[in-house]
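What you see is a predicted model; the values in this text were computed from it and never measured.
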Amino acid sequence: CRGSAMHRLHLLLNFFLFSAKDMKHRLGFLLQKSDSCDYSSSQGKKEKISSSQRLSQEEVRKWADSLENLIHHDRGLAAFRAFLKSEYSEENIEFWVSCEEYKKTKSPAKLSPKARKIYDEFISVQATKEVNLDSCTREKTSHNMLEPTLSCFDEAQRKIFTLMEKDSYRRFLKSPYYLDLVSPPGTGCGPENCKRNHTHSLDCNSNIISQCA
């Protein structure tokens with residue numbers, strides 16, 4: 001009788017040990033599968049992001065059609081801003097962008113403080129990033145500050161746009177900031193072409209694209 005009890009106890013212990021090992025094995029398998037799924041999901045997201053960030057040659061070529069095409073494209077705007085920064089004239093594009101954002105203001109109560117901020121930063125005599133405006137346009141814009149509206153910077157913005165269009169935009173199209181992006185794949189990254197003779201030259205296509213992202 002005692003031997004029978006010991007035998008049953010031995011069987012129970014073996015059962016529990018087997019169940020514990022089996023459970024551990026199953027748990028390990030599930031964790032590995034979960035990690036694998038997470039990794040695949042992460043890789044998939046990275047591939048989607050990478051794909052969405054690709055810049056087609058067709059898009060880049062359209063930038064040469066007009067300054068408007070260039071600065072209304074996120075990557076184009078970033079590339080043009082980087083170029084202007086290399087020429088120490090980024091205040092022009094920053095003013096243009098600030099005006100675009102200002103025109104989207106929906107609350108009338110926010111017009112005056114936003115207008116004053118733009119005026120103080122780009123137009124006033126003591127502006128930290130003063131843009132190049134003729135005296136007539138500057139005076140008219142100053143008068144608009146008395147009662148700011150969504151269109152109070154329109155004339156000044158047009159003048160700066162025209163200035164960029166006739167001057168810096170043309171130089172941008174001849175610079176590595178544009179040429180290294182529009183050149184066919186495989187022609188812009190050779191040892192002799194990877195850096196051009198320019199005061200603020202950039203690396204090859206991939207480096208410019210990453211900077212403009």
Side-chain angles (χ1 to χ4, degrees), residues 39-105 117-118 121-123 127-133 153-213:
Y39 176 77
S40 298
S41 176
S42 176
Q43 287 295 104
K45 289 179 180 178
K46 287 181 180 179
E47 289 176 3
K48 288 181 180 179
I49 291 173
S50 176
S51 177
S52 66
Q53 290 179 347
R54 287 174 187 160
L55 195 60
S56 71
Q57 293 294 305
E58 184 180 354
E59 286 178 308
V60 177
R61 290 192 184 97
K62 287 181 180 178
W63 298 352
D65 293 340
S66 69
L67 175 58
E68 191 170 348
N69 282 355
L70 173 67
I71 60 182
H72 279 93
H73 189 287
D74 289 343
R75 295 290 188 84
L77 177 60
F80 188 51
R81 191 196 295 267
F83 169 72
L84 291 179
K85 190 173 183 179
S86 76
E87 293 199 332
Y88 303 99
S89 60
E90 67 268 27
E91 69 275 359
N92 290 326
I93 193 62
E94 288 181 10
F95 172 67
W96 184 88
V97 169
S98 295
C99 290
E100 288 293 290
E101 293 175 351
Y102 173 78
K103 288 186 286 189
K104 297 175 184 178
T105 305
K117 185 177 184 299
I118 293 174
E121 188 173 7
F122 298 103
I123 298 176
T128 56
K129 300 177 182 180
E130 185 179 358
V131 292
N132 187 14
L133 292 172
F153 294 111
D154 282 2
E155 185 171 346
Q157 186 184 20
R158 278 195 298 270
K159 291 291 178 70
I160 294 302
F161 180 90
T162 301
L163 180 65
M164 292 190 294
E165 186 177 39
K166 292 181 177 180
D167 187 25
S168 50
Y169 170 59
R170 294 179 181 179
R171 291 198 304 278
F172 167 78
L173 295 178
K174 298 176 182 179
S175 76
Y177 290 80
Y178 178 70
L179 295 178
D180 284 347
L181 289 174
V182 78
S183 59
T187 63
C189 276
E192 70 282 1
N193 294 325
C194 193
K195 288 190 177 181
R196 299 173 186 267
N197 293 325
H198 189 275
T199 306
H200 294 274
S201 63
L202 292 181
D203 290 333
C204 297
N205 295 9
S206 59
N207 291 337
I208 298 177
I209 292 176
S210 64
Q211 178 178 350
C212 298

What distance separates [X] [atom1] from [Y] [atom2], expressed to the nearest 0.5 Å?
{"X": "F95", "Y": "M164", "atom1": "CZ", "atom2": "CE", "result": "9.5 Å"}
{"X": "E100", "Y": "I71", "atom1": "CD", "atom2": "CD1", "result": "7.5 Å"}
{"X": "E155", "Y": "C99", "atom1": "CD", "atom2": "SG", "result": "12.0 Å"}
{"X": "I160", "Y": "L133", "atom1": "CD1", "atom2": "CG", "result": "4.5 Å"}
{"X": "S98", "Y": "K117", "atom1": "OG", "atom2": "NZ", "result": "6.5 Å"}

**Item:** Those residues that, when tested against E101, pass salt bridge (charged side-chain N to carboxylate O under 4.0 Å, His left out) (two or more places apart)
**Value:**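 Residues passing salt bridge (charged side-chain N to carboxylate O under 4.0 Å, His left out) with E101: none at all.
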
**Prompt:** Counting only N and O atoms by type, is there a donor-acceptor contact under 3.5 Å from the side chain of Y169 to the main-chain atoms of L163?
**Reply:** no

**Message:** I'd like to know if the side chain of E130 reaches the main chain of A127, judged simply by a donor and an acceptor atom lying under 3.5 Å from each other, with no hydrogens or angles considered.
**Reply:**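 No; judged by distance alone, with no hydrogens or angles, the pair does not exist.
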
**Message:** Are the side chains of R81 and E94 in contact, using a 4.5 Å heavy-atom criterion?
**Reply:**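 E94 vs R81: side chains touch.
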
**Request:** Would you mind reporting whether F172 and L84 have side-chain heavy atoms less than 4.5 Å apart?
**Result:**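 No, their side chains stay 4.5 Å or more apart.
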
**Request:** Please say whether more than 12 non-hydrogen atoms of neighbouring residues, nucleotides or ligands are located less than 6.0 Å from NZ in K103.
**Result:**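 Yes, the 6.0 Å shell around NZ holds more than 12 heavy atoms from other groups.
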
How far apart are the closest heavy atoms of [X] and [Y], and which atoms are they?
{"X": "R61", "Y": "Y178", "answer": "CA-OH, 3.5 Å"}
{"X": "E59", "Y": "H73", "answer": "OE2-NE2, 3.4 Å"}
{"X": "L179", "Y": "L173", "answer": "CD2-O, 3.5 Å"}
{"X": "F122", "Y": "E91", "answer": "CE2-O, 3.7 Å"}
{"X": "N69", "Y": "K62", "answer": "ND2-O, 3.2 Å"}
{"X": "N132", "Y": "N92", "answer": "N-OD1, 4.5 Å"}

**Request:** Applying salt bridge (charged side-chain N to carboxylate O under 4.0 Å, His left out), run through R171 and E87 and close with a yes or a no.
**Result:** CA-CA 10 Å; R171 291 198 304 278; E87 293 199 332; 2.5 Å; yes

**Request:** Please identify each residue that fulfils side chain to side chain contact (heavy atoms under 4.5 Å, CB included) with E165, with sequence neighbours left out.
**Result:**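 E165 satisfies side chain to side chain contact (heavy atoms under 4.5 Å, CB included) with L67, F161 only.
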
